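Since we're looking at a predicted model, the values are computed, not measured. Start at 1 and go down the list; that is how both ligands and their atoms are numbered.
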Amino acid sequence: MTSLPETPTAVTVRAPAKVNLELFVGPLRPDGFHALSTIYQAVGLYDEVTVAEADEWGIVVHGRDADRVPADESNLAMRAARLIAAALGVETPLHLTIDKEIPVAGGMAGGSADAAAALLACETLWGGRHTREQLDTLAATLGSDVPFLLHGGTAIGSGRGEVITPVLAKGTYHWVFVPSSGEGLSTPSVYGAFDRRQAGLDLPEPVPSPAMMSALRAGDPDALAAVLANDLQEDAIALHPPIGEILHAAMDFGALGGLVSGSGPTVALLADGPEGAIDLAVALTASGVADDVRRATGPVHGAHVVPTPRRS
Ligand code: C5P
């Protein structure tokens, strides 16, 4: 007698954080979002989301800063799971477990990573037949960064950040992230400050810079460091000046370059190699400039299923 393949009752997916190597912000669109041209790079800090069939819907969050993540229906992973359930017509409730490594509310897309992980986990659990394009469309309804976290690697983000085009990039980059706690530095508040600063100006439609493209094609960290750019950086620093001090100190400590990640407050610093990254991390903490630093390399793959679930 042949046995049917066992249907999983739990699936775990890991999703990486992102850094925006370049973030050009264009005009405010009628839908309230800004036109963007960004270069995303997925970096090796991960959240894991496990979805398991249960008697009722529920969610628990573990890891550093877990208490700052809503463990209710507003959680992006929960919204992603509900979205896939509705799209597939599934009525079985799920219990979600999130293990967080990505800094919370830091500009590294932790919530979007959880949403991407939950989408892929539910799709895998229920044997969904969505195409990559259909998953991207669902992902984009959850947040501008979510489609990229499904893809990973290095990619251009256009539209409001949700339209992904892979970029040919060589090499591995060594990052040190400083997730300073920037109270009051929400994504809408940083975009709001940008709008006030740019009021009355006729912003062009943003496009990727040729210098960034050639640095990535060459796989040259020095060239990349020289062209890191973020239109929101000035606003994030104005709202939370310690970010500017971290950037200054890091250059003194030998960083090749640095910038605010997304809308901040995390500062992303590029080092000249694995040892340079360790030295930079030690200098930042030993000097008291930073009390929490994370090292990671990029690019890495996007959301992917972990073969054996840790929890069920
Ligand atoms: O889509 P996401 O969840 O990343 O957006 C969070 C907030 O960031 C939006 O509500 C908006 O205030 C701002 N945003 C924007 N333009 C974008 C992306 C985000 O104004 N392209």
Next item on the list: Indicate yes or no: does Glu73 engage Arg82 in a salt bridge with an N to O separation below 4.0 Å.
Entry: yes
Next item on the list: Report yes or no: does Lys18 contribute a side-chain atom to a donor-acceptor pair with the main-chain N or O of Gly107 at less than 3.5 Å?
Entry: yes
Next item on the list: Using the side-chain contact (heavy atoms from CB on, under 4.5 Å) rule, take Asp72 and Met78 through it: C-alpha gap first, then chi angles, then the decisive distance, then the call.
Entry: CA-CA 7 Å; Asp72 57 28; Met78 188 67 133; over 6 Å; no
Next item on the list: Answer yes when Asp114 and Lys100 have at least one side-chain N-carboxylate O distance shorter than 4.0 Å, and no when they do not.
Entry: yes
Next item on the list: Quick one, list the residues around ligand 1 where some non-hydrogen atom comes in under 4.0 Å, by chain and residue number.
Entry: Gly32, Phe33, His34, Leu36, Gly143, Ser144, Arg160, Thr187, Pro188, Tyr191
Check: Considering all heavy atoms of both residues, which atom of Asp231 and which atom of Phe24 are nearest to each other, and what is their separation?
Finding: OD2-CA, 3.3 Å
Check: Is it true that the side chains of Thr97 and Thr50 contain a donor and an acceptor less than 3.5 Å apart?
Finding: no
